Protein chains: 2
Amino acid sequence: MTNTRYTVAIHVLTLLAYAGPEALTSEYIAGSVNTNPVVIRRILAGLRVAGLVRSQGGPGGGWQLLRAPDAVSLLEVLRAVDTETSFPLHATPPNPACPVGRSIQALLTGHFHAAQAAMERELARVSLRDLLEDVKAQPA
Amino acid sequence: MTNTRYTVAIHVLTLLAYAGPEALTSEYIAGSVNTNPVVIRRILAGLRVAGLVRSQGGPGGGWQLLRAPDAVSLLEVLRAVDTETSFPLHATPPNPACPVGRSIQALLTGHFHAAQAAMERELARVSLRDLLEDVKAQPA
DNA sequence: TCAATCCGCAACCAGAATGGTTCCGAATTG
DNA sequence: CAATTCGGAACCATTCTGGTTGCGGATTGA
């Protein structure tokens, strides 16, 4: 999770929710995110696989949200863009001849999993609708 | 947090706790972690700044844990090796002319902070002593 | 005094990841 | 048929990562 894809994905989905049923082009979306349309399409392609959005080619085409904003949690978005754990283990396996090296990975896997689960519980509590309402409540 | 330094740091500190008052050389430690001594020194240098360990040059020198194992939590180790957030924002700032682009960063900062805090609370509950006891309880 | 041991630090390296960009083909629309 | 839009491949510069080498300096103990 060193990359910014998660943040951009939430941004884009919130924008789609903001737009309602209207389809937004990757070029328009890129204007809000302030990046290149291809970067947007790359991220949205992953969200499409997850069933969150659909795309339509040709004039008048673009991207649409497939679910109600309150039916999409930030945890689901995380799962859609990132399959990696937040806590990678050793680059090369530790020495099995050392008592610590032999058991440290199994021990840490458990603790790291608990930490990540706590994080995910927090993200599961927030939906696109929450973000949308906050955006709309912002002063102009 | 894409790197493995956190895992290695916990491994090394657990090893120092296992060794008790005896000083361990970076070469010995590297043998357990299965990497290069310089990599170990780089990580331990950060832990020394955090006040967790001390180093001693010359024959018989090496690295020692400066605190009781139950006085070092996994959260403290995380803080010592990594100052970055788990949730980076956009690579370039979003478009302030867009209602979503204008407010999304502030909104996400709040939610990401809550998620990270939940993760850190979990890590704060585990100490080096917990790991040490689990290591010692492992079958030979 | 001297040799061995150990850390400290800088430099360098290959590989991977990241975000960005260009290009062209295919599908759709009207 | 022309304009629009996505799809996908290719390429790029930058940064990060873990690993490695080399050398200086400090400490220890014979």
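All chains are named by letter (A, B, ...) in the order of the sequence lines, taking the proteins before the strands, and each is independently numbered beginning at 1. What you see is a predicted model, and the numbers here were worked out from it, not measured in a lab.
Using a 4.0 Å cut-off between charged nitrogen and carboxylate oxygen, A:Arg67 and A:Glu76 count as a salt-bridge pair.
Atoms NE2 (A:His90) and C1' (D:dT17) sit 16 Å apart, rounded to a whole Å. Computed from coordinates, the B:Gln64 CD to C:dC6 C1' distance equals 13 Å when rounded to whole Å. The separation between A:Glu22 atom CD and D:dT5 atom P is 12 Å, rounded to whole Å. Straight-line distance from the CG atom of B:Asn36 to the P atom of C:dC9: 17 Å, rounded to whole Å. Put simply, CG on A:Leu89 is 16 Å from P on D:dT17, counting in whole angstrom units. If you take OH of B:Tyr6 and P of D:dG18, they are 15 Å apart, rounded to a whole angstrom. The distance between atom CD1 of B:Ile40 and atom C1' of C:dC6, rounded to the nearest whole Å, is 15 Å. In this structure, A:Arg41 atom CZ and D:dT5 atom P are separated by 10 Å, rounded to whole Å.
Using a 4.0 Å cut-off, some side-chain N or O of B:Gln56 falls inside it from OP1 or OP2 of D:dT28. OP1 or OP2 of D:dG18 has at least one side-chain nitrogen or oxygen of B:Thr4 nearer than 4.0 Å. Phosphate contact (OP1/OP2 of C:dC6, side-chain N/O of B:Ser55, threshold under 4.0 Å): absent. Regarding contacts with the backbone of D:dT5, every side-chain N or O of A:Ser26 stays at 4.0 angstrom or more from both OP1 and OP2.
Place B:Trp63 and A:Gly57 on DNA chain C by their nearest nucleotides, and B:Trp63 ends up nearer the 5' end. Nearest-nucleotide mapping onto DNA chain D: of A:Thr92 and A:Gly62, the residue sitting toward the 5' end is A:Gly62. Judged by closest nucleotide on DNA chain C, A:Asn34 is the one of A:Asn34 and A:Gly60 placed further toward the 5' end.
Distance CZ/B:Arg54 to CH2/B:Trp63: 11.0 Å, rounded to 0.5 Å.
Taking each heavy atom of B:Ala80 and B:Ala50 in turn, the nearest pair found is CB-CB, 3.6 Å.
For A:Arg121, there are no salt bridge (Lys or Arg N to Asp or Glu O under 4.0 Å) partners, not counting sequence neighbours.
Ranking D:dG18, D:dT20, D:dT5 by closeness to the B:Val38 side chain, first place goes to D:dT20. Nearest to the side chain of A:Val39, among C:dG20, C:dT5, D:dG19, sits C:dG20. For A:Pro59, whose side chain is taken as the heavy atoms from C-beta onward, the closest listed nucleotide among D:dA3, D:dT28, D:dT20 is D:dA3. Of the candidates D:dG18, C:dG20, D:dT5, the closest approach to any side-chain atom of B:Arg5 belongs to D:dG18. Which of D:dG19, C:dC7, C:dG20 sits closest to the side chain of A:Thr35 comes down to C:dG20.
The backbone N or O of A:Gly62 lies less than 3.5 Å from no partner atom in the side chain of A:Gln56, so there is not a single donor-acceptor pair.
Interface remark: the B:Arg42 side chain does form a donor-acceptor pair with the D:dG19 base, using a distance-only criterion of under 3.5 Å.
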Open item on the list: Set out, in order, the CA-CA distance, both residues' side-chain angles and the distance that settles side-chain contact (heavy atoms from CB on, under 4.5 Å) for A:Tyr6 and A:Leu74, then state yes or no.
Closed with: CA-CA 9 Å; A:Tyr6 184 39; A:Leu74 295 196; 3.4 Å; yes
